[in-house]
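These notes are about the structure you will find just below.
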Amino acid sequence: MMTERYNAREAEPRWQKVWEERGIFVARNDDPRPRYYVLEMFPYPSGRIHMGHVRNYTMGDVVARYKRAMGVNVLHPMGWDAFGMPAENAAMERKVHPKAWTYDNIATMRSQLKSMGLSIDWSREIATCDPAYYKHQQKLFLDFLKAGLVERKASKVNWDPVDQTVLANEQVIDGRGWRSGALVEQRELTQWFFKITKYSEALLAALDTLDRWPDKVRTMQRNWIGRSEGLLIRFALDPATAPNGETELKIFTTRHDTLFGARFMAIAPDHPLAAAAAAKNPALAAFIAECKRHGTAQEIVETAEKQGFDTGIRALHPFDPDWRLPVYVANFILMDYGTGAIFGCPAHDQRDLDFVNKYGLGNTPVVCPPGADPKQFAITDTAYDGDGTMINSRFLDGMTVEQAKEEVARRLESEIRGNAPVGMRQVNFRLRDWGISRQRYWGCPIPVIHCEACGIVPVPEKDLPVALPEDVEFDRPGNPLDRHPTWRNVPCPQCGRPARRETDTMDTFVDSSWYFARFTDPWNANAPTDPKAANAWLPVDQYIGGIEHAILHLLYSRFFTRAMRETGHLDLDEPFAGLFTQGMVVHETYRRADGSYASPAEVKVEGAEDSRRAVLASTGEPIEIGPIEKMSKSKRNTVDPDDIIATYGADTARWFMLSDSPPERDVIWTEEGVQGAWRFVQRLWRLVGEAAAVAREAPDARPQTFTPAALAIRKAAHGALAKVSEDIEKLRFNRCVAHIYEFANALQAALAGRGDKNEAADDFAWAVREAADILIVLFHPMMPHLAEECWALLGHDTLVAEASWPALERDLLVEDTIVLPVQINGRKRADVTVARNAANMEVEAAVLALEPVRRALAGKPPKKVIVVPQRIVNVVA
RNA sequence: GCCCCUGUGGCGGAAUUGGUAGACGCGCCUGACUCAAAAUCAGGUGGCCAAAAGCCGUGCUGGUUCGAGUCCGGCCAGGGGCACCA
């Protein structure tokens, strides 16, 4: 009898070695079978893996192993998002080279990931800091440049004063740098941009086709792209008031229906007209300077009062040349949205209303809400932005808002001034081009050279990669590339005269925008991709990662895929057909009396749910149990995967990660939960041991008939098979876990029952062997090492990692007789056993004969009997 | 302010998408084994009631329906995203 405990610590490395030696997870590009590409977001090599990684990679591994068992050619690669700031910080703090620091971390994390037993094709491993990788990224940059998808322009940029670098709009969260947390400043710099806005419309429209993405992510991207349809209107300026040469002011509006409610115009402080007007107006110039000094950092914007300054310029209303509108410079107008100018309709825009109330400009309501009296309707301090009927608007009166918009657009489109229409329909996007220049060392060098004579000269392809120099110092702030003597100063590739290399490096989000494509042919030395391989593998069938990349990484990758298509590197639009965003791993927090945090490893928790208390294990000092929060170093509520794997094994950690919480929600890491998972590992081991003893007596040939006990086992096995298969397909791992528990319970009960009844017939043994085989294959994607050990115990000389998913016998799922719940007036009162295919009349007759039903009816006929076949019966008394 | 999501036992969560609410796990209780503990095994575990019968029960509230955790209206609470975007 098998009484020994399963020794995960001994078994797990042993099986990992077998898998590796046999190379069974290596995907081949020439394998003719159908393909499946499952990918988890690759990690930043920060030092050690954390529980979030364990959760992420376990989920992907379950899918990969399941698909492999289904006979599919699976690509499941791993790499390193290896460029970035922390390597430079480490260099500054610890005097280690960023490269050494990064590769040390990669080595540690690789071996940690391997100890998880992931079915990864390590032959395709890539690191983005490897010149063999970024060489091709530089090639992509040059191709994009040639294709007009890259632009160099001066612009106001987000400057992170702590990291001393530029940030993209997407990297500014609540006015702060996404990594440093520092308040972001605005600076005017010349930068490289990827023209993501070229695809605004396409990126937006294609969101509708991504039906295997979470709605949440699609909504966030939709909002981020921010499409709005409106009208561009050219307001003529009163020549008597306009600065020299200025004749008109262009504005963009989505509310042209409210044109007769206009009270003022407003332009951004950095609008050219403002500068022109300020030339002769020192007070205005001072106001503009003041606005610019404050900048547009979010923090300031939110608290700043709306302020304006009358330029003295007057604009003429497009429908009434005698109607003059004052033009203000206002601190709340953004130069980089629309035209940097608006017309203000205070009655129907809260911000405009606040403005006029401050400067006493008044308002005219032009949209009357349904049910309101047009003569009485007035606006004081709350603008009305809803639908209604046009009033006070001359030829628009009586129209709906929609009709009025159409009428205004139609009229202004057909009115020509100069040689252009006064109004033009226009679509505007909130999305800005992606600024990729970073003033950092540890990133992919931008492959261009600045020459006094020739201007910007792309580095010739034969000179790629532009490799990072390794002899750099981090003894002062700023970019060491900028002060590197030989690397920076190079001859111009065109004219040969002394020139200067671009010292900015690329945003690290560029690195991760195409790595999924590189995995399809990572050995390719000549080109970023082999389009044949890329097109065959892509799009990624299932991508798994955190919700924090809903906009940044996922939007950039969608852009890159389109740009790579345009430059001939692959031929598809969307990189990720299926996206799954998993929840975080959270844990209780523990605080000592002095307010400092204690780690779970230091704390001993005792007592049941309602009387739980904690003490410091070493001293007995009482500890306050705090709220459950995301595992983080600062809260010290992390659990080290290495410790868990050393104590319980990787299978236990994997199993716990998948149980209980639905994968998209946060999972609470608890010691009890891990122990529960560990107990189940041991229970499965014992169960398979018992099953193996019975299975040994099984005949090779499948018996002709099965006794009820054997049939019950077979039904449980195939029922579990059907449910687990469906739930893996839908990534509902918590339900898979429940089904496997249920099946294991059923098999255990059947084996225990056998002793009493002495039912050791051939057919029973055969059913047990079949059930044990199915059980092991079913749990092997979640607990691969235990599965191999059990598989061997059952006498197989193959690997379960290479076993086929069992064939489902659907006949076993169908019962001949079924038990239907019987409701009386919608409340369950009884059960009735009927033939599965019994006619409704028969079911009704059987139900009416039931004692509880007769009692309820008391001799009267039922009002109604509803029979839902194979579901339920409801008697209405 | 706008948009989205989530509210089910002591806890994590199931519920075939309108058909037996609480699967499965954790925790707890009782028993067996043990000198004892651990492990394991057997049983129990939404509330009210001594128990049965019964009644109540999916954030609150109203509705639709033979039947509502699920659909509709109105609230409340928690979480997330966006936000001078014209």
Side-chain angles (χ1 to χ4, degrees), chain A residues 3 5 173-174 214-224 226-228 230-231 251-256 266 268 296 298 301-302 304 306 330-334 336-345 349-352 354-355 385 428-432 547 550-551 607-612 655-656 659-662 664-668 670-677 679-680 682-683 686 723 726 732 734-745 748-749 752 819-831 862-868 870-877:
Chain A
T3 48
R5 280 196 179 178
I173 315 290
D174 293 334
D215 287 341
K216 191 179 170 182
V217 174
R218 293 198 283 172
T219 305
M220 282 166 70
Q221 292 212 357
R222 217 169 267 133
N223 292 339
W224 187 263
R227 183 181 195 274
S228 56
L231 199 64
I251 62 103
F252 174 74
T253 179
T254 55
R255 289 303 303 271
H256 31 294
T296 46
Q298 222 110 19
V301 156
E302 265 164 36
K306 290 171 187 27
N331 63 348
F332 58 90
I333 306 298
L334 306 173
D336 58 0
Y337 186 81
T339 60
I342 62 153
F343 85 87
C345 175
D349 182 297
Q350 190 60 46
R351 191 197 44 201
D352 294 347
D354 294 345
F355 189 79
D385 62 3
N428 256 306
F429 293 91
R430 212 187 75 107
L431 185 68
R432 299 274 78 96
I547 185 75
I551 295 172
E609 199 67 39
D610 46 349
S611 63
R612 294 176 77 246
W655 185 254
F656 177 61
S659 26
D660 290 353
S661 286
E664 70 277 9
R665 273 194 230 173
D666 292 351
V667 62
I668 307 171
T670 62
E671 188 60 24
E672 291 86 356
V674 181
Q675 281 171 7
R679 277 202 300 273
F680 187 60
Q682 297 300 336
R683 187 147 78 88
R686 284 194 306 274
K723 288 182 204 155
E726 189 194 341
R732 298 190 294 212
N734 56 321
R735 304 204 325 178
C736 294
V737 165
H739 298 141
I740 289 169
Y741 268 114
E742 224 162 343
F743 176 31
N745 290 347
Q748 193 170 351
V819 179
L820 289 183
V822 176
Q823 293 184 334
I824 299 169
N825 294 331
R827 291 175 182 283
K828 196 210 165 192
R829 284 296 123 96
D831 289 310
K863 285 210 189 94
K864 203 170 175 184
V865 178
I866 292 129
V867 178
V868 183
Q870 299 179 47
R871 266 287 138 76
I872 201 167
V873 182
N874 191 12
V875 179
V876 185

Taking only the C1' atom of each, what is the distance from B:rC76 to B:rU61 in whole angstrom? 10 Å
Under the 3.5 Å rule, do the base of B:rU40 and the side chain of A:Arg686 count as making a donor-acceptor pair? no
Let me spell it out: for each of A:Gly340 and A:Lys216, pick the nucleotide of RNA chain B with the closest heavy atom. Which residue's pick is nearer the 5' end? A:Lys216
How far, in whole Å, is B:rG25 from B:rG79 if one measures between their C1' atoms? 25 Å
Side chain of A:Ile668, heavy atoms from C-beta onward: which of B:rC82, B:rC84, B:rG12 has the nearest atom to it? B:rG12
How about A:Arg686 and A:Gln748: does a side-chain donor come under 3.5 Å of a side-chain acceptor? no
Consider the side chain of A:Ala738, meaning its heavy atoms from C-beta on, and name the nucleotide among B:rA86, B:rC24, B:rA21 that approaches it most closely. B:rC24
From CA spacing to verdict: salt bridge (charged side-chain N to carboxylate O under 4.0 Å, His left out), A:Arg218, A:Asp215: CA-CA 5 Å; A:Arg218 293 198 283 172; A:Asp215 287 341; 2.9 Å; yes
Pick the P atom in B:rC26 and in B:rG18, then give their distance to the nearest Å. 32 Å
Between B:rG12 and B:rU20 - C1' atom distance, rounded Å: 24 Å
To the side chain of A:Ile872, which of B:rC55, B:rG7, B:rG19 is closest? B:rG19
Counting heavy atoms from C-beta on, name the nucleotide in B:rC82, B:rA86, B:rU20 closest to the side chain of A:Ser228. B:rA86
Taking both distances under 3.5 Å as the test for a Watson-Crick or G-U pair, what stems of at least three pairs does RNA chain B have? B:1-7 with B:76-82, B:10-12 with B:24-26, B:27-32 with B:40-45, B:46-48 with B:54-56, B:59-63 with B:71-75
Taking CG from A:Asn428 and P from B:rC85, how many angstroms apart are they, rounded to a whole number? 13 Å
Rounding to an integer number of angstrom, what distance separates B:rC4 and B:rC11 when you compare their P atoms? 30 Å
Specify the residue among A:Ile547 and A:Thr253 whose closest nucleotide of RNA chain B lies further upstream toward the 5′ end. A:Ile547
Picking from B:rG27, B:rC24, B:rG19, the nucleotide nearest the side-chain atoms of A:Glu672 would be B:rG27
Quick one: which of B:rG27, B:rG13, B:rC85 gets closest to the side chain of A:Arg430? B:rC85
Out of B:rC66, B:rC41, B:rC84, minimum distance to the side chain of A:Phe332 belongs to B:rC84
Measuring from the side chain of A:Glu742 (C-beta onward, heavy atoms only), which nucleotide among B:rC3, B:rC24, B:rG19 has the closest atom? B:rC24
Does the base of B:rC82 carry an N or O that pairs as donor and acceptor with the side chain of A:Asn223 under 3.5 Å? no
